[in-house]
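One structure below.
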2 protein chains.
Amino acid sequence: MIRRLSQARERGIPEATVARLPLYLRALNGMAERGLATVSSEDLAVAAGVNSAKLRKDLSHLGSYGTRGVGYDVEYLIYQISRELGLTQDWAVAIVGVGNLGRALANYGGFVSRGFRVAALLDADPEVVGDHIAGLTVEHVDELEAVIRRRAVSIVVLATPGAAAQQLADRVIAAGVTSILNFAPVVLAVPEGVDIRKVDLSIELQILAFHEQRKTDRMTGGPAMAEEWPEAVDL
Amino acid sequence: MIRRLSQARERGIPEATVARLPLYLRALNGMAERGLATVSSEDLAVAAGVNSAKLRKDLSHLGSYGTRGVGYDVEYLIYQISRELGLTQDWAVAIVGVGNLGRALANYGGFVSRGFRVAALLDADPEVVGDHIAGLTVEHVDELEAVIRRRAVSIVVLATPGAAAQQLADRVIAAGVTSILNFAPVVLAVPEGVDIRKVDLSIELQILAFHEQRKTDRMTGGPAMAEEWPEAVDL
DNA sequence: CCCACTTTGTGCACCGGTTCACAAAGGGAC
DNA sequence: GTCCCTTTGTGAACCGGTGCACAAAGTGGG
């Protein structure tokens, strides 16, 4: 991949920084609503739950948008971060799978607020097709490719059972989509150039359980040598 | 914090490894269902979507459970990972906030499957309290502390609007809960020793949008020097 | 204009995590 | 028992990201 860019400033923003920009944006929007004109890195960092040095380094990757001795202009910084994240344009999102989760996502206000527009709902169940949810009519998943093209969908949210996810991912990718948010509990195989993000409720709970166990173990005096495969269990 | 453990093997499992163990577990369960007795690090790594060296190093933190020249015993490894994650015990989970998302979570099968049991649903809306969802009756959030104690809840899922989340977090922590899965779009402040995990749909979409913009920019020849605050916008 | 004060932007040391590459260990054939 | 093949477990180099600490830059008061 060629790395030559016309900009003098190299535009390689670290992934970890990108993941935090939405956090800063949210904190800044709260501040703008409360009428603050400027904010220091220290205050913004506290509001976003990070340390101030990290915040300053993150922002420095976008450019030099602060004023020493003063801080950052709230509105200006909101604009710069929004632009960097691509939220100044509007993104058509299709939700595939209109079960409990798909419905929740369709009705979730947080989507619409910032540049995202739910443009289509699709499902395979004839029982569900035709339902009206969040101002949209559920379409049959057979129409997937046509809908993606017609509505200029660029981001697809997969909220289907695990078994269907890979096949659907293949189809949306074939239809030209390169950004997928996957809620199905499977590891999707995708070609180079396609971005997948995964949200897995069950994994999050398991991570919590690990730490919870660790905490209670500590109080009750450790795992009591339970290192071995118990006799009772059958290999 | 005292770091003396009776075990010879130091039990400090890296956070990154903990986050992948559920992935391995899922892949292994699939293999067990298909009747595989043993699996090599290479095959398991492919199924989990990681590289095999990483997989082996991850598993080595749990102990030396493989056989050189052969691979890992599927059932045995399932047991070891489950035990490490604390899934051999059952965890009572309370879901606070029974809106669209809370309902979806309550009905989500993936919870129950592995050691987790939804033990309570709570909401502030009198309209919702008393509803029967997934075999449970929604209780009023005033009962929060009593319910946590009575049902021995150790993990709380917050699926409320952002405005209510911090206050509710404070209450569940005061009631003795130290593991929280937060879906509300706010940064929660919590004391030392409390584990928070956050799932934020809007942030995931924004990260996708960033990369999507980057990809389309590349095709259309870059951001065309759009570095400056446009004249039209009012500071 | 100059000085004291505030706050940004960043060089640098550090740290956790990833990857490579290989020695060690076990299995199976003969 | 010996040899060859497979696959694990891990030392070591590497890499991205974090946090400290400070110089540079700007503000406001006198």
* For B:Asp58 and C:dG17, give me the distance from atom CG to atom P, rounded to whole Å. => 10 Å
List every contact pair, protein side and nucleotides 25-30 of chain C side both N or O, where the distance is under 3.5 Å.
| residue | atom | partner | partner atom | Å |
| --- | --- | --- | --- | --- |
| C:dA25 | O4' | B:Arg68 | NE | 3.4 |

* To do: Could you tell me which residues satisfy salt bridge (Lys or Arg N to Asp or Glu O under 4.0 Å) with B:Arg68, sequence neighbours excluded, listed by chain and number?
  => none
Nearest 0.5 Å, what's the [atom1]-[atom2] distance between [X] and [Y]?
X: A:Tyr24; Y: A:Thr17; atom1: OH; atom2: OG1; value: 7.0 Å
X: A:Ile78; Y: A:Leu25; atom1: CD1; atom2: CG; value: 6.5 Å
X: A:Leu23; Y: B:Gln206; atom1: CG; atom2: CD; value: 9.5 Å

* Return each pair, listed once, that meets side-chain hydrogen bond (donor to acceptor under 3.5 Å, both in side chains) where at least one residue sits in residues 153-166 of chain A; pairs must be two or more places apart or across chains. => A:Gln166-A:Asp170
* Structure fact -> Quick note, side-chain hydrogen bond (donor to acceptor under 3.5 Å, both in side chains) partners involving residues 187-197 of chain A, not counting sequence neighbours, are A:Asp195-B:Lys215, A:Arg197-B:Glu204
* To do: Scan residues 41-56 of chain A against DNA chain C and write down, sorted by residue number, each residue with any heavy atom closer than 4.0 Å; if none is found, say none.
  => A:Ser41, A:Arg56
* Would you mind listing every salt bridge (Lys or Arg N to Asp or Glu O under 4.0 Å) that reaches into residues 47-58 of chain B, with sequence neighbours excluded? => B:Arg20-B:Asp58
* To do: Name all pairs fulfilling the salt bridge (Lys or Arg N to Asp or Glu O under 4.0 Å) condition that reach into residues 158-168 of chain B, sequence neighbours left out, sorted by first residue then second.
  => none
* Structure fact -> side-chain contact (heavy atoms from CB on, under 4.5 Å) filter on A:Val46, not counting sequence neighbours, yields A:Glu42
Polar atoms only, N or O, under 3.5 Å: list the protein pairs with nucleotides 11-13 of chain C and their distances.
| residue | atom | partner | partner atom | Å |
| --- | --- | --- | --- | --- |
| C:dG11 | O6 | A:Lys57 | NZ | 3.0 |
| C:dC12 | N4 | A:Lys57 | NZ | 3.3 |

Without placing hydrogens or testing angles, list every side-chain donor-acceptor pair under 3.5 Å for residues 182-190 of chain B, not counting sequence neighbours.
| residue | atom | partner | partner atom | Å |
| --- | --- | --- | --- | --- |
| B:Asn182 | OD1 | B:Ala184 | N | 2.8 |
| B:Asn182 | ND2 | B:Ala184 | O | 3.2 |
| B:Asn182 | ND2 | B:Val186 | O | 3.4 |

* Under 4.0 Å from any heavy atom of chain B: name the first and the last nucleotide of DNA chain D that qualifies, 5' to 3'. => D:dT6 to D:dA12
* For B:Ser64 and B:Ser60, indicate whether the former's side chain and the latter's backbone hold a donor-acceptor pair under 3.5 Å. => no
Report all side-chain donor-acceptor pairs from residues 87-95 of chain A shorter than 3.5 Å, counting only partners two or more places apart or in another chain.
| residue | atom | partner | partner atom | Å |
| --- | --- | --- | --- | --- |
| A:Asp90 | OD2 | A:Arg117 | NE | 2.9 |
| A:Trp91 | NE1 | A:Gly86 | O | 2.7 |

